[in-house]
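Computation of the quantities below employed the complete heavy-atom set of this structure, encompassing side-chain atoms and omitting hydrogens, waters and symmetry-equivalent molecules.
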Amino acid sequence: MNKLYAFIPFNNWGCFALLAVLFCIPQTGFANANRWDDAFFRGHGFMETAHDRPAALGGVKDDLPQKEVSGLVRDSSGAALPGVTVFVKANKSIGTTTDLNGRYILEVPDGSVLVFSMIGFETVERTVGSSSQSIDVVLSPASNTLGETVVVAFGTQKKQEVVGSVTTINPKELKVPSSNLTTALAGKLAGVVAFQRSGEPGADNADFFIRGVTTFGYKKDPLILVDGIELSANDLARMQVDDIANFSILKDATATALYGARGANGVILITTKEGQEGKAKVSVRIENSMSSPTSNVALADPITYMKLNNEAVLTRNPLGVLPYSRSKIDNTIKGANPYVYPANDWRKILFKNHTMNQRVNMNVTGGGKVARYYLAATFNQDNGVLKVDHRNNFNSNINLKTYELRSNVNISLTKSTEVGIKLYGTFDDYTGPIGGGTHYYNEAVKSDPVSFPAYFPVNSEYAYVQHILFGNTEDQLVNPYAEMVKGYQQYNQTLILAQFDLKQDLSFLTKGLTFNGLFNATRYSYFAVDRSYVPFWYEVGLYDKVNNTYSLAPINEDAGEEYLNYHEDPKKVTSTTYIQATMNYNRTFNDKDGVSGLLVFLMQNQVDGNSGSLQTSLPHRNIGVSGRFTYSYSNKYFAEFDFGYNGSERFYKDNRFGFFPSAGVAWQVSDEKFWQPLHHVISNLKFRATYGLIGNDDIGSATDRFFYLSDVNMDDPGKKAVFGLDDNYSKDGISVDRYSNPLITWEKSYKTNVGMDVGILGDANLIVDLWKEHRTHILMGRSYIPATFGLPSTAVPKANVGQANGEGIDLSLDYSKVFRSSFWIQGRANFTYAVSRFLVYEEPDFTATPWKSKVGYPIDQTWGYIAERLFVDDAEVANSPLQNFGERPMGGDVKYQDVNGDGQITTLDQVPIGYPKTPEIVYGFGVSVGYKNFDISCFFQGLGRESFWIDAAATSPFVTSGGLKTGLLKAYADDHWSEDNRNIYALWPRLSADDNSNNDQTSTWFMRNGAFLRLKNAEIGYTLPQALTKRIHVDKTRFYINGTNLLCWSKFKLWDVEMAGNGLDYPVQRVVNAGVLISF
Amino acid sequence: MILFSLYALSACHYLDIVPDNVATIDYAFRLRSQAEKYLYTCYSYLPKLADIGSNPALLSGDEIWYFYPYQTVTAAPPDNWEIARGNQNKINPYLDYWTGTNRGKPLFQAIRDCNTFLANIGNVPGMDEMEKDRWKSEVMFLKAYYHWFLLRMYGPIPITDQNMPIFSGPDEVKVYRQPVDSCFNYIVNLIDSSLAGLPAQIDVQYNEMGRVTKVIALALKARILVTAASPLFNGNHDYDNFVDNKGTHLFNSKYDPDKWKRAEAACKEAVDACEAGGYHLYHFNPAVNTYALSPDMQTQMDIRNAVCEKWNSEIIWGSTNSMATSIQRWAQANIDPSVTNTANARPYSSYAPTMRIAEMFYTKNGVPIDEDKTWDYTRRFDLDTATKDDRYEIQPDYVTAYLNFNREPRYYADLGFDGGIWYGQGRNNDTATWHVEGRVGQYSGKTRNTMYSITGYYAKKLVNFLNVIEVPDGLYDIQGYPWPVIRLADLYLLYSEALNEAEGPGSEALKWIDLVRERAGIPSVERAWADYARDPQEYTTQAGLRKIIHQERLIEMAFEGERFWDLRRWKEAETTMNKPIYGWNVEQSDPIYYYQQVLLFNKKFEKKDYFWPIPDHEIILNPNLVQNPGW
């Protein structure tokens, strides 16, 4: 076997030869089936669930005095843990596993030490005292465990052996009442920076980055692998927590090195559950949740709206034409006639206050010696908050049904051969309003509230019409109600994965050698169709004030349609195939020298059906060989070497393959003899250090497929010219989108990680990682190219010249304690601090204005003007440095500081302001307590060192565009500069009826601190006493009520601070959820 | 296993997935048909002159005004009007033709494409040499045109005769602006070298009308040289201290009379070429009409259709790449009372000529309103009632301002106003025409806060008489026409101007202006001034004739995008454009109140406004570029 390891294929040919060898081996393997080490394959990382063994299988009796010990094992959330192995440390043959209710009974020798262990959890030891009859324990998640296995790249490692930085989490901790898994990441995982900007169902993915963002290139987010297959953030969002066996985050060089060119931004590794031997075990979870905005941004009432709109016109132009007449305002105040003088609260007209969503998840696992299965089915029903007009015969509210099916089947062909089939499908059937819900949320706050009613009641004049008499004006503004109910969109989305894997024990060749082969095919498809009619608009024709009657006048008699039209949206189809072969060797010699080796060969091919151009239609490919070699000495000293040797089709031949090595060491100090005296205080102490190089080939942009080729559009309609007597002879032109550059290659990341694992008093575990990263070869456009050079910005040459670095701390602490038998407590806290800095960034010569240079500042730093205050009056404007952003400023507009003192406010006066837009600190902490059958938990999450800017352009009241007119925030109505109230520190500057480019500039005026702390989750659960449920053959019934985003503390009050700049968008949701989990 | 091994071996080319003939730039010049596309590419950058939002000369001066705030439902705001409102800036300039943003075209990219074409067209195999020469000449002309467009906007510009290699270093790309005289010389030389290969006229009109001919090149050259000789570029002391970081003076400070000689010669050459090519001033051909027109209406149609009839006899360069369509919708007044529905489809009616323009036109005697002895200038805001004699100009018995009475035919051809007759639009009998009723409550009047004429005037000149507003929903059918970039009357007036400047006043100079006046239905300068003007000898001095030619030019070329540039090159913008903008009081229904002059805007024009600012960012990128003075 040593020969095999010596053969490290650094050339293109080698890798294929290796593959051929790897594929030969299983054939011979069947013939020489050796004893199968079950643990190896089980140790693939799933969380063991139910074993249907009798509770008191019992240990082997011997001559020592026996004592019956019983107890309950729970996880950190308080749920009972079935399937936990309990055995006597000194004699492993005395053991059992917990039953479905987490209970165990065992007869053990007096004074023996009981070991409670389960994959994915910390192992706990308890001494059986003379008095103790009952020992209850709580197992903490594996992230904090020692001596357990951890899922790492292409396999598992013993926690003890890990030298790199890997965060694992008990998937249960990610369980939130949402159909979106990404919303659960923030604050739960040390090293992950996450935040959620929108609450729109289907578009509410949180942004998440591992150890912040250290590149200013294209791809910044991590590689996501589910059962080894690369999936998107959207696919991750759809994962069911109940199906996840392991969730790991790989952060440093040694952990990610095997992914070579794809691992630089970190890796999220997920494995799904596999079947467990035993009789069928069914678990059903049913949830119903109520979702409503955490906060609705308050808008001014329609009267104030009209008055201030008039003010906005007059204050800028005394000659301006008033949008709303005195009589209209007066009559609206009087409430003369709601159809003639409407005052709409569009939000109320369009939306309900909350919506109910349902989720049902069912899984069943079981099997025998030969075959085991894990089957899961999920049905989610997400409803929108949109109102439906029953005069239509269709439903335009959001109705998203998600079906998921998963089937993981493992078959032991021989004692040493196991094959597995995994099938997974997600199917979305959606109907909803055209353009999605956010669109209408936006329109509701951006539609004119006083110019027309949503619709008119049918009067005698139009008694014959079949259509709804929607209100509008001759300008045909947006009537959001009509837009919403005029039709519906339907989309269907499918993701199917089929995976075949083969595990072969090759102990017959040499002990400790195994082979694993995997083939996967992924198919994705999406299509959408719109159906809608053209609404008929009506306005008030004549209004008879005396009798309070009005006549209606049609606005678009000819254009309106009563029947539905049909429109097809773009379709998307992609297909991916993936092959992976792994050879693993793991053996301990002389009880001291642990040696392991891993070689992986992989090949991936992805094609798109609708990529839009020839170059983007060509396959996306990746090929590579990776390896890991570890050596440990007496479980105290560990060393590891990893490499990835990867190729990407995007680069020129000479730069196509990259070698990414990394290495690390670890020292288990607490196992040293000299530590023994301290052992009772610091039960575990380990130091780790790694260094290595990782790549990122996802650079440039998604359409920049081949940097070494020029990209020429031979039929560019944008470069069309027209000639001819009748102006009808035209030809498209030719444009160059990219000039070839064979030198472009990977982005490189040099990562250093130093870590420490500490176990304190046996109850608490602390993991600290300090890291540093240096990115080089970041692709960026040559920024010195001026417009006179004559290239469109898309074709400006690029080069691997950028450099940046990052550093930070990941910290996690957990604590668990059981008091007596019925009360337990668990606490956990995470802290992530990640900063970044530009090191080399090509920019103009800023020696005269050094504050303009990005070098030395964080990657997400914002440059903007320093707003001193509002101008007192026009005279001050005239005597201040010229602020020339279009419209001349007036008194009450924002006054900026002339930093370079040239008498003008220009881009040279922009300085770095505030914190970066990506938070530098993300933290979370929570506590769970249980008492008898009750459990309560809460989790707080926060972030810090983040700035955001109120989007002045998007929230500017009265600005009209595309038939929409931005609403007036109550806060602005209450606190703005006006000629009567010349408050030079007012929240909003002088009103304007259109975009005021002076006040829209990014400046400190609208800068806000994005820091917040929120009660992210809280849950209360009750498990029915088993005595009760046993009678109906139910093993466990747990009821729970939980909620997300329940409370929030922040200095910013206008809207939910996590949404950052634009509060007029779909708000982040508060969800209150009730659920029941039944297993039988 | 064998099969698999074979597969694995073949997979060593796994990453070589790009087929051999992925298009590269060489493909553009392998076939004539592909090279033709590149020729079209070079044409594609021609500024959209008929687009009110892209042509600076339409909405950025003092000719047209707009309701405010101008957000509209159906059309993006014409933000170049912000320039007229004095809000141009250097951080993110409006109509930025330097970088091609804010509705400007990226003209330096255009020049790069022209250079690429010129460098490669020779390599196209199997192409007829004559045709190669023609294409090459067209692109040389376009390259000159793009330089000229930049020169007129920005003053001194960097000349890009050859493309820099794509991978040029940071120092190589930092180019310098060239002195204006070098720029003019470069552009004129380039046009001169294009002349030989250009066709005298378009033979295959069906698919080539709009491509560059020799006549177009000569006419443009005339305009360029007249501009070079004009006060803005010839001995302008305002820019005496305008130097770059090498100390190069970017403007000449000495007036050079020879520049006018050169301009005169160029004008003559162009006029001769036009005559040889059969171009002549346009007259409306009533044969297409079933009704006989009165002489009054015939003259009005001679004037209107010289612009609106596509490919008429005086169009030298019509822009097929910028058809006048939506601009007609903006200019059209609602003249059909039965259009009850004034929804989006109706004419927008908001492209409003200012009071200054209404006052600019001559009286019916062909002299300015404040010079005509027979026209009472002081009564111009008084009311008067139209009689049957006015029926081709003003609706009989309708009350309107004295200002609208007894004006020259171009007034009635070019302007729509309250009470004014609007010929066409489905009524081709000039005894039964539409007319405008523009006061509040009337069918053409203001009904809402958008889409109305803020001054009470409409740019009728740009509206084709065949357009129809459909009843009752107001759909508007438009007869588009290629935007007239250069027409013969323009060239004649340039020639008169050059002659007066180079040779002084005299019959030669008067000849060309009088040809234009004759078509406009007014007496010659000599007769008009002698018979009606308070200063009958004015035209006999160079300065007097200059003033007359200038006004004639402003009137004849009204709404065609010339006033904006003419006022600049004459250096008259700083006086003319510093006056307030007025209109009628369109909020009123009673004529007594409607015909009150209302101040719309206090317009400011500073010295710096003669030229566009170079975007600030470009100066930061390339410190060798020096910003225009005042910005």
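- For the atom pair CD (B:Glu172) and CZ (A:Phe789), the distance works out to 8.5 Å, reported to the nearest 0.5 Å.
- Only the side chain of A:Tyr708 comes within contact range of chain B, judged by heavy atoms closer than 4.5 Å.
- Judged by distance alone, the side chain of A:Arg888 and the main-chain N or O of B:Asn87 form no donor-acceptor pair under 3.5 Å.
- The residues B:Lys310 and A:Asp727 are annotated as not salt-bridged, no charged nitrogen and carboxylate oxygen being separated by less than 4.0 angstrom.
- Contacts between A:Ser783 and chain B at a heavy-atom distance below 4.5 Å involve the backbone alone (N, CA, C, O).
- Between A:Pro786 and B:Asn622, the closest heavy-atom pair is CB-CB, 4.5 Å.
- Counting only distance, with no hydrogens or angles, the side chain of B:Trp98 and the backbone of A:Ala787 share no donor-acceptor pair below 3.5 Å.
- Looking at A:Thr849, neither its backbone nor its side chain comes within 4.5 Å of chain B, counting heavy atoms on both sides.
- For B:Pro165, the part lying near chain A is the backbone, with the side chain staying farther off; criterion is any non-hydrogen pair under 4.5 Å.
- Heavy atoms closer than 4.5 Å to chain B are found in the side chain of A:Gln904, but not in its backbone.
- At a 4.5 Å heavy-atom cutoff, the contact between B:Glu587 and chain A is made by side-chain atoms alone.
- To the nearest 0.5 angstrom, A:Leu791 atom CG is 4.5 Å from B:Ile166 atom CD1.
- For A:Phe723 and B:Tyr40, the gap between ring centers is short of 6.0 Å.
- Looking at A:Leu964, neither its backbone nor its side chain comes within 4.5 Å of chain B, counting heavy atoms on both sides.
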